[in-house]
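Positions are given from 1 along the sequence. Computed from heavy atoms alone, side chains included, the values below leave out hydrogens, waters and symmetry copies.
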Amino acid sequence: QVELVESGGGLVEVGGSLRLTCTASGLAFNRNTVAWFRQAPGKEREFVACFFRSGSTPYYADSVKGRFAISRDNALNMAYLQMNNLKSEDTAIYYCAASSTVILSAIRNSRSYAYWGQGTQVTTSS
């Protein structure tokens, strides 16, 4: 049984930093595309960042490029999202997702992912 568990969310001031962690069981990270998505109140779930399958090249949404960094430890089956210079518009629930079948052209589509965590809330304050 696949399980993804996010942690590390919280309340942070605008301009501050947080690091989210995704811990997986029941699947091998190095054979899956591992992604972070987020969903703000009243908005659709949106792509944030991912590693495509076993590759080492990260992909980012334009809105977080240069501020967020995704990383993963395949041996521990953990993924991370380092978020720096947080803005008010980064407030959302952040989800970890994984898929063994997603193709590169579809990595930004939330429907491409079969496995999801329960999410962790990130709230920025000014």
Side-chain angles (χ1 to χ4, degrees):
Q1 183 177 353
V2 176
E3 185 178 25
L4 302 177
V5 179
E6 302 94 337
S7 61
L11 177 65
V12 62
E13 290 187 351
V14 169
S17 299
L18 277 177
R19 188 175 86 149
L20 306 182
T21 299
C22 173
T23 304
S25 59
L27 58 79
F29 259 11
N30 62 352
R31 290 198 287 270
N32 280 265
T33 296
V34 178
W36 288 95
F37 283 78
R38 66 186 182 186
Q39 188 166 18
K43 294 189 176 181
E44 291 189 357
R45 193 166 297 189
E46 66 172 356
F47 172 82
V48 175
C50 82
F51 283 111
F52 178 65
R53 295 183 185 170
S54 60
S56 58
T57 300
Y59 295 85
Y60 295 102
D62 288 343
S63 58
V64 307
K65 204 172 291 184
R67 299 187 298 121
F68 290 12
I70 186 173
S71 60
R72 66 181 173 185
D73 186 327
N74 291 331
L76 297 178
N77 258 12
M78 297 176 77
Y80 309 95
L81 185 69
Q82 177 66 43
M83 305 186 295
N84 299 325
N85 190 22
L86 282 159
K87 303 178 179 181
S88 57
E89 53 263 42
D90 295 320
T91 293
I93 299 174
Y94 284 71
Y95 297 91
C96 178
S99 170
S100 62
T101 61
V102 62
I103 59 175
L104 185 57
S105 60
I107 57 173
R108 291 174 172 79
N109 188 338
S110 62
R111 295 183 180 87
S112 301
Y113 295 81
Y115 306 112
W116 291 87
Q118 83 289 347
T120 185
Q121 177 72 48
V122 172
T123 304
T124 58
S125 65
S126 56

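Distance check: Asn77 CG to Leu27 CG gives 6.0 Å after rounding to the nearest 0.5 Å. Between Asp73 atom CG and Thr21 atom OG1 the span is 11.0 Å, to the nearest 0.5 Å. The CZ atom of Phe47 lies 11.5 Å from the OG atom of Ser110; values are rounded to the nearest 0.5 Å.
In terms of heavy atoms, Arg53 sits closest to Thr101 at NH2-O, 4.1 Å. Between Asn32 and Ser100, the closest heavy-atom pair is OD1-N, 3.1 Å. Taking all atoms of both residues into account, the shortest heavy-atom contact from Ile107 to Cys50 is CD1-SG, 3.7 Å. Between Phe29 and Ala24, the closest heavy-atom pair is CE1-CB, 3.3 Å. For Val102 against Ser112, the heavy-atom pair with the smallest separation is CG2-CB, 3.4 Å.
By the 4.5 Å heavy-atom criterion applied to side chains, Ser63 and Arg38 are counted as neighbours. Taking 4.5 Å as the limit, some side-chain heavy atom of Leu81 sits within range of a side-chain heavy atom of Val48. Residues Ile70 and Tyr59 fail the side-chain proximity criterion, which asks for heavy atoms closer than 4.5 Å. Using a 4.5 Å heavy-atom cutoff, the side chains of Leu18 and Leu86 are in contact. In this structure the side chain of Leu11 reaches within 4.5 angstrom of the side chain of Ser125, judged on heavy atoms. Counting only heavy atoms from C-beta outward, the side chains of Met78 and Arg72 never approach each other to under 4.5 Å. Residues Phe52 and Ser99 form no side-chain contact, since every pair of their non-hydrogen atoms from C-beta on lies 4.5 Å or further apart. Residues Trp116 and Arg45 are in side-chain contact: their nearest non-hydrogen atoms beyond the backbone lie under 4.5 Å apart.
Note: Phe68 and Tyr94 have tilted aromatic rings, judged against thresholds of 30 and 60 degrees for the angle between ring planes.
Of the charged side-chain nitrogens involved, none lies within less than 4.0 Å of a carboxylate oxygen, so that Lys87 and Asp90 do not count as a salt-bridged pair.
A donor-acceptor contact shorter than 3.5 Å is absent between the side chain of Glu6 and the backbone of Thr120.
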I would like to know whether Asn84 and Ser17 meet side-chain hydrogen bond (donor to acceptor under 3.5 Å, both in side chains); could you show each step before the answer?
CA-CA 4 Å; Asn84 299 325; Ser17 299; 3.0 Å; yes

Step by step, would you call Leu20 with Val122 a side chain to side chain contact (heavy atoms under 4.5 Å, CB included)?
CA-CA 9 Å; Leu20 306 182; Val122 172; 4.0 Å; yes

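Under the 4.5 Å side-chain heavy-atom criterion for grouping Ile, Leu, Val, Met, Phe, Trp and Tyr, Tyr60 is connected to Trp36 within one hydrophobic cluster. Under the 4.5 Å side-chain heavy-atom criterion for Ile, Leu, Val, Met, Phe, Trp and Tyr, Leu4 and Leu76 are members of distinct hydrophobic clusters. Cluster annotation: Val64 is connected to Val12 through the hydrophobic network of ILVMFWY side chains, with a link wherever side-chain heavy atoms come within less than 4.5 Å.
Side chains of Thr124 and Thr91: a donor on one and an acceptor on the other come within 3.5 Å.
For the ring pair (Phe, Tyr, Trp, His ring centres under 6.0 Å) criterion with Phe37, the lone passing option out of Tyr95, Tyr115, Tyr113 is Tyr113.
Residue Glu89 qualifies as enclosed at atom CD: its count of foreign heavy atoms under 6.0 Å is above 12.
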